[in-house]
There are 4 protein chains.
Amino acid sequence: MKKQRPKYKQIIEAAVEVIADNGYHASQVSKIAKKAGVADGTIYLYFKNKEDILISVFEEKMGQFIEQIVDSISNKNNANDKLLTLIEMHFRQLTADHHLAIVTQLELRQSNAELRQKINQILKPYLVVIDDIIAEGTEQGIFRDGLNVPLIRQMIFGTLDEIVTNWVMKEQKYDLAEQAPVVHAFITDGLSVKHKH
Amino acid sequence: MKKQRPKYKQIIEAAVEVIADNGYHASQVSKIAKKAGVADGTIYLYFKNKEDILISVFEEKMGQFIEQIVDSISNKNNANDKLLTLIEMHFRQLTADHHLAIVTQLELRQSNAELRQKINQILKPYLVVIDDIIAEGTEQGIFRDGLNVPLIRQMIFGTLDEIVTNWVMKEQKYDLAEQAPVVHAFITDGLSVKHKH
Amino acid sequence: MKKQRPKYKQIIEAAVEVIADNGYHASQVSKIAKKAGVADGTIYLYFKNKEDILISVFEEKMGQFIEQIVDSISNKNNANDKLLTLIEMHFRQLTADHHLAIVTQLELRQSNAELRQKINQILKPYLVVIDDIIAEGTEQGIFRDGLNVPLIRQMIFGTLDEIVTNWVMKEQKYDLAEQAPVVHAFITDGLSVKHKH
Amino acid sequence: MKKQRPKYKQIIEAAVEVIADNGYHASQVSKIAKKAGVADGTIYLYFKNKEDILISVFEEKMGQFIEQIVDSISNKNNANDKLLTLIEMHFRQLTADHHLAIVTQLELRQSNAELRQKINQILKPYLVVIDDIIAEGTEQGIFRDGLNVPLIRQMIFGTLDEIVTNWVMKEQKYDLAEQAPVVHAFITDGLSVKHKH
DNA sequence: AATGAATGAGGGTTCATTCAT
DNA sequence: AATGAATGAACCCTCATTCAT
């Protein structure tokens with residue numbers, strides 16, 4: 001399996017760095033090869049073409065990203081805690097790997113229609129996680145009934161995404177992770193059942 | 001003034017269409033010139049370079065976009081109505097001009113770092129409009145005190161932006177404008193002072 | 001019309017020379033451009049791709065080649081004289097333009113299946129000229145009846161082609177044109193000793 | 001001796017097939033290795049480089065080709081019968097091995113100047129066979145005196161070669177071997193009507 | 001002001017060959 | 001002897017921009 005071989009990971013890591021530093025279009029394959037310490041041609045033993053590198057970067061990194069979040073959520077037992085944890089993990093992981101943050105928030109938007117479809121496919125499991133939390137919250141009676149789940153999910157994801165993008169574009173000058181509780185409060189107070197007398 | 005001359009607008013309109021139809025990367029200057037009915041060289045009498053066309057497209061279109069929203073808001077007298085109107089107008093305008101929707105939500109994201117900075121500059125007045133509504137709502141006592149305004153604004157903008165992007169990517173198969181009240185409810189219920197006894 | 005513009009001919013002439021000197025595969029587009037005194041990109045204003053240069057070279061040169069032969073034949077009034085003239089002209093023209101000789105006899109065989117079809121299309125008028133001479137000779141009673149015309153034509157063309165190829169590969173060290181009468185005699189009379197009464 | 005080892009023949013046979021199936025330019029060394037059931041590197045234990053494979057293909061196959069013809073001719077006792085037999089065998093062998101026919105008539109022509117020289121070297125014994133028949137025919141008084149032997153040989157070879165090439169390009173839709181007597185008649189007797197008493 | 005022919009820099013990809021195992 | 005992963009040189013073509021008319 002190609003993905004097990006050491007050079008595969010080498011190239012992926014090199015690609016993330018090179019793309020984060022130079023932007024997708026200024027990231028020549030030869031630059032990635034150099035950073036990875038392999039020959040140009042070697043890239044093509046592991047990836048179909050340049051676009052495939054980008055997809056694979058996202059696939060690998062996003063896979064880990066989602067896995068981490070799912071793991072962290074699994075031992076929380078109500079939707080509120082899960083949502084807070086998701087937000088924290090989302091922010092924390094991108095804080096920890098700023099190359100990845102730049103790639104996901106900025107460079108990946110470079111993509112053409114076809115690539116965008118693939119990225120959305122990869123992103124889907126994450127959106128499902130959010131959907132599940134919403135459904136669970138509703139069952140638990142802590143979120144309203146009758147929510148338009150896809151719409152709410154878009155709003156949650158859009159909120160997180162925009163906040164991270166702003167943070168990346170401001171060159172990560174402030175602490176992203178500490179925003180989590182406020183963001184969570186914004187979202188849940190909108191979702192929560194109101195306690196009236 | 002160049003911007004007054006008829007060919008300026010012709011080129012801007014052609015650029016929006018060409019980009020929406022072909023995608024950012026397949027939008028050569030010569031294609032825009034052809035659609036605009038001018039010679040390739042003529043483009044450079046009106047625009048410094050290709051990037052300048054794109055910035056100008058966004059400038060012109062976003063200027064009108066914001067102006068429309070400001071106009072519509074001006075005769076509302078509370079932050080809640082203003083916010084609802086802003087959301088409605090945001091959705092309605094992009095619904096009405098689907099070329100513009102594609103360009104702003106998908107194609108223009110594919111630009112390089114520098115262009116992205118400029119686009120954000122142009123977007124600023126819109127963000128100020130949102131900031132003003134938040135401030136006004138707080139003053140009027142209908143939004144909470146002590147809000148982190150830039151953060152809230154990011155959440156609002158991120159919410160709208162993600163919803164429109166999803167709608168564009170689903171090829172505008174449903175009615176975007178009718179989502180406005182639900183979106184507004186999500187946002188304001190989060191923001192609103194809770195009425196406890 | 002592109003073919004009328006001076007650069008078109010410049011490029012064609014440069015291509016013939018460069019291909020004759022270096023062989024088709026060592027004939028980089030940039031080399032042809034340099035010899036023609038134009039920029040690399042200019043080539044692509046006149047030709048679709050590298051293969052198109054080759055086809056056009058053959059088209060142009062072969063067009064003239066055939067035209068010359070047809071002209072020379074037209075004022076001969078029997079098939080024998082026509083055939084002799086065709087052979088003479090075939091040899092004489094390739095003798096006069098040794099770059100062309102190299103390209104047609106050696107480099108053009110480089111072609112892939114698709115290109116070969118196109119070359120055959122271009123060659124067709126020449127083969128028709130040969131067919132006509134055979135038919136005329138038969139009508140005039142100087143060639144046998146019941147000839148398999150396509151086969152005879154292949155034999156005639158193959159004969160001329162092989163002789164020229166040998167001459168090119170021997171680096172044109174002897175006089176090709178002076179072979180014409182012997183070749184003509186072989187074609188018309190064959191190898192055998194004649195039995196006359 | 002390398003040529004005795006089993007993989008040598010395997011690679012040669014694979015090369016003929018791969019070239020016939022894919023064309024000269026799409027015949028990568030790795031494809032030949034795969035078809036031969038050996039590793040890429042193994043090729044270089046038997047052949048100096050890619051060109052050496054091609055030369056060896058031609059050498060091996062042409063060696064057999066000529067041997068067959070020489071054998072068949074040896075028990076004929078006049079030049080006319082020998083010539084007819086040569087033509088028949090030439091046609092028959094290429095009919096029997098259509099991969100070889102494609103390779104010799106089409107694909108191998110696409111080679112570079114140097115390779116072509118070597119191929120001609122290999123072809124030489126065949127040309128000598130033809131020369132010998134011509135000389136014998138003259139001695140026997142059945143061919144004319146004073147023939148320009150190399151020229152006549154070129155005409156004979158060119159005739160056969162062109163006929164086979166046409167047949168290959170027409171995708172071998174008709175029976176090549178049955179043309180032999182007509183071709184022989186053309187060569188020996190020419191086009192002209194014979195004047196017998 | 002307008003044209004559009006000409007420019008030429010730049011990069012993704014292929015594939016014959018090598019060499020450590 | 002055999003493998004096959006790794007190498008890296010080589011080249012066609014695109015397209016933003018210029019400039020003579």
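Please read these numbers as outputs of a predicted model, since none were measured by experiment. Chain A is the first sequence line, chain B the second, and so forth, proteins listed ahead of strands; every chain is numbered from 1.
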Where the side chain of [X] is defined as all heavy atoms beyond and including C-beta, which of [options] is the nearest nucleotide?
X	options	result
A:Q28	F:dA9, F:dC13, E:dG11	E:dG11
B:Y44	E:dT7, F:dT3, F:dT17	F:dT17
D:K7	F:dT17, F:dA2, F:dC15	F:dA2
D:L45	E:dA9, F:dA2, F:dC11	F:dA2

Test side-chain contact (heavy atoms from CB on, under 4.5 Å), reference D:I19, set D:I53, D:L54, D:L106, output is D:L54
[X] [atom1] to [N] [atom2], straight-line distance once rounded to whole Å:
X	N	atom1	atom2	value
C:K31	F:dC11	NZ	C1'	12 Å
D:Y8	F:dA2	OH	P	15 Å
C:I43	F:dC13	CD1	C1'	12 Å
B:I11	E:dA2	CD1	C1'	11 Å
D:I32	F:dG4	CD1	P	17 Å
B:D40	F:dT14	CG	P	16 Å
D:Y24	E:dC15	OH	P	13 Å

With a 4.0 Å cut-off on N to O distance, would you call [X] and [Y] a salt bridge?
X	Y	value
C:K35	C:E13	no
B:K118	B:E59	no
B:K34	B:D40	no
A:E107	B:R116	yes

According to a strict under-4.0 Å criterion, is B:S30 in side-chain N/O contact with OP1 or OP2 of F:dC15?
no
Let's test this: given Watson-Crick or G-U wobble pairing with both distances under 3.5 Å, identify the partner of E:dG12.
F:dC11
E:dA20: pairing nucleotide in any strand, Watson-Crick or G-U under 3.5 angstrom:
F:dT3
Within 45° cone and under 6.0 Å: C:K50 NZ/CZ vs C:Y24 ring:
yes
Parallel, tilted or perpendicular for A:F47 and A:Y8, by the 30°/60° rule?
parallel
Per nearest nucleotide of DNA chain E, the residue lying toward the 5' end, D:G41 or A:S27, is A:S27
Taking the nucleotide of DNA chain E with the closest heavy atom to each, which residue, C:A39 or A:H25, is nearer the 5' end?
C:A39
What residues from residues 46-59 of chain C pass a heavy-atom cutoff of under 4.0 Å to DNA chain F?
C:N49, C:K50
Pairwise 5' ranking along DNA chain F for D:G37 and B:V29, keeping only the more 5' one:
D:G37
